[in-house]
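Here the structure is laid out as structure tokens; the discussion comes afterwards.
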Amino acid sequence: MNRVAVVTGSDSGIGRATAVALAANGYDTGVTWHADEAGAHTTAAEINAAGGRCVVRHLDLARLPDAADVIDELADALGGLDVLVNNAGTGQSSAFVDLSWDDWQHVLAVDLSGAFLCSQRAARRMRRLGRGRIINVTSVHEHVPLQGSAAYCAAKGGLGLLTKVMALELASDGITVNAVAPGEISTPMTGQEDVDPHTEERPGIPVGRPGDAREIAAAVAWLASDESSYVTGASIVIDGGMLLMAAEANRRVTR
């Protein structure tokens, strides 16, 4: 029986790497894109090269609640739904006092409300099967604030706690729900065109470099696997030790 995964925002970066990793593990994969249709078809070509089957759909999570219909469309086209990866996201840089209502609403719609609605669609299908995996791509800023990113931090923090509520409520249905919280990853969203992170220096990060999208994808693929069946409600931070620098800053202050 075929296994099916849907990865939102899989036209580039972490989403593409995740979709390809899941395809390599035997999943037929639903790919979604917002602005980069060509990128989505590049992802589809990589999935096909890995021997997987792929369906591509446009998804604009600013158009809620109807946008979540795409989850059902992809599940119907692929013949089921075993794994949902809520990866689609956006950000906005502005001081809190200058942040417009429209920008606030847009970021929360895409990063939080969209994941909520897509997860509802997925969970209803998974309940009928008695199994499933929902994996939310959050951020280290699920856990720590970032100046100039009020909406983004609110959305990612909210998604982190939503992950835990979903995990509590869905565990008895055989569905696990977890988050992966990346630090800086070399992707277009961070102003980098998927460069080799080993060529980039980051003195403020203990490992000294940004992350590779495939490093995040590997964690997502594990959470999607049978081997992770005892893990639910977790947030796995993958940040090269960046959050540990708070302890170093505290040491310098108190020394």
Side-chain angles (χ1 to χ4, degrees), residues 5-10 13-15 17-19 30 32 34 59-65 67-68 70-71 81 83-94 96 99 103-124 126 132-171 175-185 187 189-190 211 213 216-217 219-224 228 231-239 242-243:
V6 170
V7 184
T8 66
S10 39
I14 292 171
T18 296
T32 82
H34 172 233
L59 175 63
D60 183 355
L61 289 176
R63 298 182 177 274
L64 299 175
V70 169
I71 303 303
L81 182 58
V83 176
L84 170 67
V85 182
N86 285 305
N87 170 73
T90 190
Q92 200 278 339
S93 295
S94 178
F96 162 71
L99 181 61
D103 285 342
W104 169 267
Q105 288 283 80
H106 178 75
V107 173
L108 264 69
V110 174
D111 291 2
L112 179 57
S113 299
F116 161 72
L117 289 167
C118 290
S119 295
Q120 278 192 329
R121 300 298 186 95
R124 288 166 183 158
M126 293 172 181
R133 301 280 190 269
I134 297 174
I135 303 155
N136 296 319
V137 179
T138 60
S139 166
V140 292
H141 301 299
E142 170 196 343
H143 301 284
V144 294
L146 177 66
Q147 289 189 59
S149 296
Y152 183 78
C153 291
K156 294 299 186 178
L159 185 55
L161 273 179
L162 177 61
T163 297
K164 296 181 186 300
V165 173
M166 291 164 56
L168 279 172
E169 294 188 5
L170 298 174
I175 303 167
T176 66
V177 188
N178 292 287
V180 172
E184 182 190 355
I185 308 300
T187 70
M189 189 173 177
T190 59
I216 308 304
V220 175
W222 179 74
L223 287 171
S228 71
V231 181
T232 197
S235 178
I236 300 176
V237 176
I238 307 174
D239 69 347
M242 187 178 77
L243 292 187

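- Between the side chains of N87 and S10, no donor-acceptor pair is found at a separation under 3.5 Å.
- Between the CG atom of D103 and the CG atom of L108 there is a distance of 11.5 Å, given to the nearest 0.5 Å.
- Heavy-atom minimum distance, A122 versus I71: N-CG2, 4.3 Å.
- In this structure, H106 NE2 and S113 OG are separated by 12.0 Å, a value rounded to the nearest 0.5 Å.
- By the side-chain contact (heavy atoms from CB on, under 4.5 Å) test, V144 pairs with H141, L243, sequence neighbours left out.
- Rounding to the nearest 0.5 Å places CD1 of I185 at 7.5 Å from CD1 of I238.
- For L61 against C118, the heavy-atom pair with the smallest separation is CD2-SG, 4.0 Å.
- Remark: I135 CD1 to S119 OG distance equals 10.5 Å, nearest 0.5 Å.
- Under a 3.5 Å cut-off, the side chain of N178 and the backbone N or O of V231 do form a donor-acceptor pair.
- The backbone N or O of H34 lies less than 3.5 Å from no partner atom in the side chain of D60, so there is not a single donor-acceptor pair.
- Shortest non-hydrogen contact noted between L64 and G114 is CD1-N, 3.7 Å.
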Evaluation steps, side-chain contact (heavy atoms from CB on, under 4.5 Å), between T163 and M166
CA-CA 5 Å; T163 297; M166 291 164 56; 5.6 Å; no

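- With hydrogens and angles ignored, the 3.5 Å screen pairs no side-chain donor or acceptor of K156 with any backbone N or O of H143.
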Can I216 and V180 be said to form a side-chain contact (heavy atoms from CB on, under 4.5 Å), step by step?
CA-CA 8 Å; I216 308 304; V180 172; 3.7 Å; yes

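- Note that the CD atom of E142 and the CG atom of L162 stand 10.5 Å from one another [nearest 0.5 Å].
- We find the CG-CG distance between D111 and L159 to be 8.0 Å, quoted to the nearest 0.5 Å.
- Not counting sequence neighbours, R124 has no partner by the salt bridge (charged side-chain N to carboxylate O under 4.0 Å, His left out) test.
- Of the possible polar contacts, none joining the T176 side chain to the T232 backbone as a donor-acceptor pair under 3.5 Å is found.
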Quick one, L223 with R133, criterion side-chain contact (heavy atoms from CB on, under 4.5 Å). Give me CA distance, side-chain angles, the key distance, then yes/no.
CA-CA 8 Å; L223 287 171; R133 301 280 190 269; 5.9 Å; no

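- The shortest non-hydrogen separation linking S235 to T138 is OG-OG1, 4.5 Å.
- Considering all non-hydrogen atoms of both residues, L84 and T8 come closest at CD1-CG2, 4.5 Å.
- For the residue pair G91 and Y152, the shortest heavy atom distance occurs at CA-CD1, 4.0 Å.
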